[in-house]
Amino acid sequence: MKITLKDGSVKEYPEAKSVIEIAADISEGLARAATAGEIDGEIVDLRTPVEKDCNLNILTFSDEKGKGAFRHTASHIMAQAIKRLYPETKLAIGPSVADGFYYDVDRETPFTAEDLEKIEKEMKKIVKENLPLTRSEKPRNEAIEYFKEKDEPYKVELIEDLPEDAVISFYSQGEFTDLCAGPHLMSTKYVKAFKLTSLAGAYWRGNEKNKMLQRIYGTAFPKKAELEEYLHMLEEAKKRDHRKLGKELGLFMMREEGPGFPFFLPNGMVLKNQLLDFWREIHRKAGYVEISTPIMLSRHLWETSGHWDHYKENMYTTVIDDEDFAIKPMNCPGGILVYQSEPRSYRDLPIRMGELGIVHRHEKSGQMHGLMRVRCFTQDDAHIFMTPEQIKDEIKGVADLIDSVYKLFGFKYHVELSTRPEDSMGSDEDWEMATEALQGALDDLGLPYVVNEGDGAFYGPKIDFHLEDSIGRTWQCGTIQLDFQLPLRFELEYTGADGEKHRPIMIHRVVFGSIERFIGILIEHFAGAFPTWLAPVQVKVLPISDKHLEYGQKVLEKLKEAGVRAEIDTRAEKIGYKIREAQMKKIPYMLVVGAKEEEEEKVSVRSRFQGDEGQKGLEEFIKDIQEEIASKEIRKAEQEEK
């Protein structure tokens with residue numbers, strides 16, 4: 001029996017071995033760290049026997065799927081603790097999720113934060129008991145009877161929805177048995193560090209017509225230090241919550257009159273416009289032209305593009321003059337109509353069309369979250385029409401542009417290549433050519449990437465850029481999608497050097513993604529303390545008393561004439577109070593002006609970065625801040641640099 005490992009090496013065994021035995025044969029350290037196995041792409045338990053030639057990957061907590069097995073076991077430990085302490089509770093589902101796990105439960109008396117502490121304490125006992133997890137199977141009818149006897153109606157309903165010939169798998173640990181497909185760890189003892197983090201409501205099976213259950217969230221790690229680091233990040237994230245800071249800094253608001261439709265306030269519009277101006281500047285330099293297309297277009301267009309069949313549930317529709325229309329969820333079909341508006345030659349290509357287009361997508365009410373998930377947003381789209389020979393260079397050009405933008409804001413990032421989904425259009429040949437083109441460009445750029453199987457758009461594969469913020473969270477923003485399908489569906493053409501008609505290839509790409517979401521990310525990344533070039537108010541002039549208001553106004557006018565966004569605090573408050581208020585608003589610079597400053601035509605500079613920076617001539621200060629704004633420098637506070 002030949003076992004091919006992830007690194008390409010081959011292990012040979014004369015007889016069947018379990019995944020954990022093979023892991024131990026490779027190294028004891030790997031066996032200790034292993035959480036699950038992957039046999040020919042299928043995730044399995046460590047106890048699963050390997051009986052024939054295969055590709056085997058030993059998963060650990062550092063692998064997403066390995067992390068899932070670890071945290072799924074933690075959810076079962078939590079469910080067992082709940083049933084020990086509150087046996088009347090009915091269990092629904094308890095999967096692992098991106099940052100941990102949850103379990104939906106039904107109990108007449110709702111759980112409280114104090115109850116979570118008791119559950120955690122019981123979970124620790126279960127971990128110490130070192131209970132082995134064992135897998136078993138039952139026919140569907142026996143599984144239904146088993147859970148009816150246990151008075152677990154939600155489990156019964158889940159099984160009843162399965163085919164009659166289904167074999168149902170169970171996992172047991174001690175006295176506790178749960179309906180589950182797995183995989184799980186070998187024993188409860190490995191879940192060393194965990195925390196129950198919150199309570200929320202959740203409709204059974206996500207349907208608003210069903211009963212509201214309680215969802216208990218938690219997270220788990222192999223080591224206490226990793227858990228503490230994660231909890232610290234959560235605390236930091238609370239302080240940086242863009243919804244809280246957005247309100248405090250007067251950036252945006254949400255109203256019940258427009259759920260999922262953000263209102264930008266004056267300071268927020270300054271921030272948004274700075275980003276849009278920057279976007280226009282870099283795209284102009286990169287050879288893009290800007291267009292604007294209608295917000296609503298006819299059903300016929302969306303049928304041709306494929307959105308009506310593949311995306312209709314997310315679209316807002318209406319009827320005008322007895323004809324169906326849809327508010328655009330994407331900008332691409334409008335860009336295609338612009339391309340079609342005149343004959344094109346190979347000499348015109350590539351054509352790079354940028355559009356800051358407002359799009360609408362229907363999100364469920366429970367999925368919306370501040371600016372991060374909204375129903376209306378500005379997408380910084382661009383569509384590039386090109387010849388096959390230009391594909392690689394254009395992809396590289398877009399990747400370089402995205403790289404330069406993320407570096408400007410201080411973001412690290414990683415890249416994923418998403419391949420053909422099940423719900424896709426087009427031929428195998430086109431998909432293969434498109435995927436190879438994206439891979440080739442990434443290889444040429446030397447960008448490391450992971451393959452995300454089956455997560456491409458319905459019309460083509462894509463490259464996704466996942467940026468990492470200042471507290472280690474990742475966000476998917478930039479995308480490059482290669483599309484052979486829409487040019488075909490819309491019968492796009494250009495005249496080649498041979499005088500014949502040819503079909504262009506199309507790139508869809510965004511840099512920010514959603515401007516609104518990117519602003520939310522920036523608020524949290526910088527904790528509202530934006531770089532000076534982005535700050536809605538860059539300078540606050542603070543007269544020491546009413547006697548110095550006239551000089552303060554003169555300073556203010558000079559700043560405004562120089563293009564600096566400045567305000568003056570004319571209130572009859574003590575200077576210390578004014579400084580603290582400006583600091584709370586995270587304004588980069590405060591200029592204190594009194595008798596001495598007026599006499600010498602200077603300003604006393606206080607900054608968010610260094611505190612007291614001493615006196616400067618007004619012209620000198622203006623020159624310095626103009627240079628900082630022009631260079632888009634990210635000045636850091638002294639304590640951050642140490």
Side-chain angles (χ1 to χ4, degrees), residues 274-291 331-332 335 348-356 378-419 433-452 456-457 460-469 474-484 504-515 517-518 521-522 525 531 533-534 630-634:
Q274 287 302 304
L275 288 171
L276 298 186
D277 289 347
F278 169 63
W279 186 93
R280 288 189 166 103
E281 176 193 337
I282 60 173
H283 283 77
R284 194 164 48 244
K285 288 177 181 174
Y288 287 75
V289 293
E290 186 176 355
I291 63 169
N331 296 308
C332 35
D348 302 322
L349 305 183
I351 295 172
R352 306 182 187 107
M353 291 182 188
E355 178 173 16
L356 293 161
T378 307
Q379 196 163 39
D380 68 315
D381 259 324
H383 299 98
I384 303 172
F385 302 89
M386 64 208 159
T387 68
E389 297 76 27
Q390 294 167 335
I391 292 175
K392 196 176 281 190
D393 284 343
E394 289 305 307
I395 292 168
K396 286 158 72 173
V398 174
D400 282 339
L401 184 70
I402 292 172
D403 175 73
S404 67
V405 170
Y406 291 175
K407 280 181 177 170
L408 175 70
F409 292 104
F411 291 122
K412 302 174 192 169
Y413 65 86
H414 74 268
V415 177
E416 291 184 5
L417 172 63
S418 298
T419 59
M433 188 190 307
T435 305
E436 285 177 0
L438 293 182
Q439 282 178 311
L442 289 172
D443 291 339
D444 281 2
L445 287 165
L447 277 176
Y449 61 92
V450 295
V451 177
N452 195 359
K462 59 178 181 165
I463 297 169
D464 289 328
F465 292 77
H466 296 257
L467 58 83
E468 183 182 319
D469 70 12
T474 56
W475 309 88
Q476 193 271 304
C477 290
T479 298
I480 306 172
Q481 299 173 352
L482 193 54
D483 185 0
F484 288 76
I505 289 121
M506 186 176 178
I507 285 176
H508 308 246
R509 47 110 294 191
V510 294
V511 179
F512 295 139
S514 153
I515 300 291
R517 184 166 179 264
F518 197 77
I521 293 166
L522 286 180
H525 178 59
W533 73 276
L534 271 182
S631 68
K632 297 184 170 57
E633 177 189 352
I634 299 179

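These values consider heavy atoms only, across backbone and side chains, with no hydrogens, waters or symmetry-generated copies.
With a 4.5 Å cut-off on side-chain heavy atoms, Cys332 and Met506 count as touching. Arg509 has its side chain out of reach of Ile463: every pair of non-hydrogen atoms, C-beta onward, lies at least 4.5 Å apart. No side-chain heavy atom of Asp393 sits less than 4.5 Å from a side-chain heavy atom of Met386. Glu290 has its side chain within reach of Arg280: a pair of non-hydrogen atoms, C-beta onward, lies under 4.5 Å apart. Considering only heavy atoms from C-beta on, Val405 comes within 4.5 Å of Phe512 through its side chain. Proximity of Cys477 to Ile521: side-chain heavy atoms (C-beta onward) are separated by under 4.5 Å at one or more points. Contact check for Tyr413 versus Thr474: no side-chain heavy atoms found under the 4.5 Å cut-off. Inter-residue side-chain proximity for Asp403 and Leu447 is flagged as unmet; no heavy-atom pair is nearer than 4.5 Å.
Judged by distance alone, the side chain of Arg517 and the main-chain N or O of Gln476 form a donor-acceptor pair under 3.5 Å. In this structure, the side chain of Asp380 engages the main chain of Val511 through a donor-acceptor pair within 3.5 Å. At least one donor-acceptor pair closer than 3.5 Å links the side chain of Gln390 to the backbone N or O of Leu349.
Counting heavy-atom neighbours within 6.0 Å of Lys412 NZ, excluding the residue itself, gives a total of 12 or less.
Note: Met433 CE to Leu438 CG = 12.5 Å, rounded to the nearest 0.5 Å. In this structure, the separation between CD1 on Ile634 and CG on Leu408 is 6.0 Å, given to the nearest 0.5 Å.
Taking the six-membered ring for Trp, Phe409 and Phe518 have ring centres closer than 6.0 Å. In this structure, the ring of Trp475 has its center no less than 6.0 angstrom from the ring center of Phe411.
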Determine whether Glu389 and Thr387 satisfy the following criterion, side chain to side chain donor-acceptor pair (under 3.5 Å), listing intermediate values before the conclusion. CA-CA 5 Å; Glu389 297 76 27; Thr387 68; 3.2 Å; yes

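Screening Val289, Ile384, Val398 for a side chain to side chain contact (heavy atoms under 4.5 Å, CB included) with Arg352, the sole residue that qualifies is Ile384.
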